[in-house]
Asks: 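Sending over a structure as structure tokens; questions will come in a sec.
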2 protein chains.
Amino acid sequence: MTDTLDERSWVILSATVTGYIRMAAPVGSRAVNRLFGLSYSPATIRNVMADLEEIGYLTHPHTSAGRIPTPKGFRYFVDNSDFSKGALPAGTPKLESLLEGVLSDASPVDLLDVLSTVMNLVTRITHYTGIVMESGVRNGERLLSFEVLPLTERSLLAVLITETGMVLKKVIMIPEGLGAAEVIALGEDLNTGFRSCTLVRIREMLMKEIEHLGRAYVEFFSQVLSVSRQPELKLFRTSSFTDLPEFSSAATLREIMVMFEEEAALFRIFEELVHEERGVSVRIGSENPLPALQPCTLVAIPIMNRNVWLGSIGLIGPVRMQYDQVIPLMVYLSRRLNQWVEETAPLLPLGP
Amino acid sequence: MTDTLDERSWVILSATVTGYIRMAAPVGSRAVNRLFGLSYSPATIRNVMADLEEIGYLTHPHTSAGRIPTPKGFRYFVDNSDFSKGALPAGTPKLESLLEGVLSDASPVDLLDVLSTVMNLVTRITHYTGIVMESGVRNGERLLSFEVLPLTERSLLAVLITETGMVLKKVIMIPEGLGAAEVIALGEDLNTGFRSCTLVRIREMLMKEIEHLGRAYVEFFSQVLSVSRQPELKLFRTSSFTDLPEFSSAATLREIMVMFEEEAALFRIFEELVHEERGVSVRIGSENPLPALQPCTLVAIPIMNRNVWLGSIGLIGPVRMQYDQVIPLMVYLSRRLNQWVEETAPLLPLGP
DNA sequence: GTTAGCACTCATCGATGAAGAGTGCTAAGT
DNA sequence: ACTTAGCACTCTTCATCGATGAGTGCTAAC
């Protein structure tokens with residue numbers, strides 16, 4: 001499958017892909033010849049293109065049109081290009097200095113905010129849609145503080161803070177047969193008793209305790225146990241697709257918009273990517289699971305702190321994405337953000 | 001301006017508007033006559049329509065087309081219709097029971113979540129775009145708890161909880177010349193000293209104190225003072241516009257998508273609406289400030305607790321919105337949600 | 001093995017014209 | 001005086017047609 005192309009074929013494939021990225025339209029033999037000043041004549045290029053089409057790297061919308069790279073063609077292009085010295089998108093130096101500013105007085109405790117700010121900037125530069133995701137509850141985290149506060153006559157507010165600064169809150173109805181003061185005292189016991197235990201461990205221990213206690217206590221504890229935190233997802237510049245000719249029809253735009261509303265599906269994608277790759281993931285066209293993502297490329301990186309997944313950021317654009325700019329940019333972001341997290345984040349647990 | 005129409009004109013205006021809402025296309029005299037079984041002949045209707053056009057309630061895309069209501073026409077229609085006994089949209093009974101379920105075991109402490117759940121349901125029924133907004137810091141709120149917790153060697157986490165259950169958190173760098181323990185003790189003083197003072201008051205008092213204290217202390221306090229909370233905004237089913245013929249062009253869709261990314265502008269709109277009206281606000285077409293909102297109608301209600309604005313919810317749809325369904329629905333939601341908040345919310349402050 | 005030449009294909013675009021919906025006016029009806 | 005039927009007229013929509021031009025694939029010459 002992954003045949004290695006000879007030099008000439010590679011040059012022509014590469015030129016076709018680059019041309020298509022630039023023009024957003026099928027590129028013909030003549031265009032490849034002229035645009036890239038190749039020494040091969042259009043006729044030769046045509047022959048090579050026909051070969052490339054046979055291996056499945058290029059297609060033909062119709063007889064008299066130029067060639068379009070297939071996802072497979074893009075994949076070969078991405079895998080075999082050396083982007084390391086590629087020019088970052090215009091505005092990157094500015095981004096870098098802004099990024100340093102953002103990171104210097106922020107803490108990973110506010111990860112979602114920081115990543116949002118970053119992707120906001122990034123989408124301004126790249127003109128693709130940005131995604132920021134923060135993973136949900138991380139059960140391995142340790143308890144930093146647990147507090148129960150009076151809210152109304154019948155309810156209390158339980159606030160649970162983990163060592164990474166995650167704040168979980170939950171309104172607790174005062175169980176029948178218990179007074180507010182009693183419940184608060186109970187909360188204080190919990191706070192002192194379980195401090196710096198992991199959340200899973202606390203749950204386990206509470207489960208055991210529950211048997212020995214009365215009904216009312218059980219009710220209180222089970223309410224406490226249900227404190228959780230949903231993963232969060234934010235999108236930036238979803239309107240970027242409206243600028244692209246291949247998404248100029250209302251129908252395709254509709255597909256995209258509907259897809260962006262399926263937060264659960266998007267979340268799953270990032271979850272899967274994290275299990276597969278730790279660096280920059282590139283999913284081109286049909287490599288994406290969602291139908292609506294098939295005309296798109298997703299470039300994503302996870303944000304990790306010592307093997308614990310905190311969240312991810314990604315860019316979604318057309319298949320003819322400016323890989324030469326986006327990939328180096330994401331490599332850079334991955335390195336910088338993960339370094340920042342490791343350096344400034346509160347300690348994370350080692351075991352589960 | 002607000003001429004009162006005679007019976008016949010009103011019937012015909014009303015039929016035209018209703019017809020246009022239903023057909024999404026200019027409606028002609030014949031259609032009005034047939035569709036609504038009016039006793040006036042097409043010719044008469046034509047005459048009346050010409051009159052209505054002269055007063056500015058209807059327009060003409062071109063000579064041989066039917067009539068379209070102007071925003072002014074819609075406004076008259078909305079103001080003079082009695083929607084009170086109008087049928088709620090299909091699925092409303094189900095919504096009501098779901099709503100009761102949601103409200104029964106939720107607290108206004110999680111207002112954003114609750115409103116999000118509600119609007120998620122509502123947008124499923126109405127097929128319009130939903131907006132949920134939670135207002136930001138409410139300085140009049142009283143302090144319920146303030147806690148400083150160790151996070152890393154050089155930083156602490158300050159967690160501030162207000163009486164409405166809002167949790168504000170902020171990472172505080174340990175000021176030079178102070179130890180972590182000292183800072184934590186300082187936080188505890190603050191907690192006991194200022195409990196149940198309003199946030200503004202606390203800020204005022206801290207400002208005064210600051211003068212008497214050393215550099216390091218000042219630094220700590222000023223970090224604490226900067227704790228704040230941004231307003232939040234969520235959109236639901238923005239793709240609803242893709243189903244409407246009047247937004248079927250990619251260009252108009254683009255406008256809509258870009259507008260929905262302008263969170264600040266949307267926020268401002270809700271802020272202004274709250275100052276103007278306490279019930280259901282209806283902004284039709286050109287009555288909206290944003291250019292991109294001109295082909296839209298916004299129906300919004302604020303969520304209040306004793307004159308304190310907690311947030312808003314709204315529906316955005318085409319100008320030819322199903323007012324007869326949406327308005328009663330929003331009236332109902334306004335009543336039910338505000339009642340719920342007043343009944344179950346933690347006490348809110350009276351003065352500033 | 002490479003390239004020039006040429007016939008052929010096919011999408012795009014503008015012009016043309018028929019169809020159809022709806023108006024506005026006039027004149028007749030009540 | 002108000003209402004309605006009739007009819008010419010307007011203007012959009014849609015399909016058809018043909019010209020245009022880009023680009024290919026093949027063949028034959030280099």
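Just the heavy atoms: all of them, side chains too, but no hydrogens, waters or symmetry mates, feed the values below.
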Asks: Any side chain to side chain donor-acceptor pair (under 3.5 Å) pairs touching residues 245-262 of chain A, not counting sequence neighbours?
Replies: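 Counting only pairs at least two positions apart or across chains, the side chain to side chain donor-acceptor pair (under 3.5 Å) contacts touching residues 245-262 of chain A are Glu246(A)-Arg320(A), Ser249(A)-Thr252(A), Arg254(A)-Thr242(B), Arg254(A)-Asp243(B), Glu261(A)-Thr238(B), Glu261(A)-Ser239(B).
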Asks: Any side-chain heavy atom of Val331(B) within less than 4.5 Å of one from Phe83(B)?
Replies: no
Asks: Taking all atoms of both residues into account, what is the closest heavy-atom pair of Gln322(B) and Tyr128(B), and its distance?
Replies: N-OH, 3.0 Å
Asks: Distance check, rounded to the nearest 0.5 Å: Ile316(A) atom CD1 versus Thr123(A) atom OG1?
Replies: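 Interatomic distance, Ile316(A) CD1 to Thr123(A) OG1, rounded to 0.5 Å: 12.5 Å.
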Asks: Dump the intermediate steps for side-chain hydrogen bond (donor to acceptor under 3.5 Å, both in side chains) on Tyr332(A) and Thr92(A), then the final yes or no.
Replies: CA-CA 10 Å; Tyr332(A) 158 68; Thr92(A) 306; over 6 Å; no
Asks: Only counting residues at least two apart or in another chain, list the ones meeting side-chain hydrogen bond (donor to acceptor under 3.5 Å, both in side chains) with Thr70(A).
Replies: none
Asks: Summarise protein proximity over nucleotides 9-24 of chain C in one line of letters, 5' to 3': B for base, S for sugar-phosphate only, - for none, counting protein heavy atoms closer than 4.0 Å.
Replies: BBS---------BSBB
Asks: Considering only nitrogen or oxygen atoms on both sides, find all protein atoms under 3.5 Å from nucleotides 1-4 of chain D and state each distance.
Replies:
| from | atom 1 | to | atom 2 | distance (Å) |
| --- | --- | --- | --- | --- |
| dT3(D) | OP1 | Arg8(B) | NH1 | 2.8 |
| dT3(D) | OP2 | Arg8(B) | NH1 | 2.9 |
| dT4(D) | OP2 | Ser41(B) | N | 3.3 |
| dT4(D) | OP2 | Ser41(B) | OG | 3.4 |
| dT4(D) | OP2 | Thr44(B) | OG1 | 2.4 |
| dT4(D) | O5' | Ser41(B) | OG | 3.4 |

Asks: Under the ring-ring contact (aromatic ring centres under 6.0 Å, His included) test against Tyr57(B), which residue among Tyr20(B), Tyr76(B), Phe74(B), Phe77(B) passes?
Replies: Tyr76(B)
Asks: What does the list of N/O pairs under 3.5 Å between the protein and nucleotides 28-30 of chain C look like, with a distance for each?
Replies:
none

Asks: Is any side-chain heavy atom of Ile256(A) closer than 4.5 Å to a side-chain heavy atom of Cys296(A)?
Replies: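 Ile256(A) reaches Cys296(A) side chain to side chain.
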Asks: Quick one, Glu272(B) and Arg283(B) - any side-chain contact, counting heavy atoms below 4.5 Å?
Replies: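 Answer no - side chains too far apart.
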Asks: Tabulate below the donor-acceptor pairs under 3.5 Å that side-chain atoms of residues 7-16 of chain B make, not counting sequence neighbours, or state none.
Replies:
| from | atom 1 | to | atom 2 | distance (Å) |
| --- | --- | --- | --- | --- |
| Ser9(B) | OG | Asp6(B) | OD1 | 2.7 |
| Thr16(B) | OG1 | Ile12(B) | O | 2.6 |

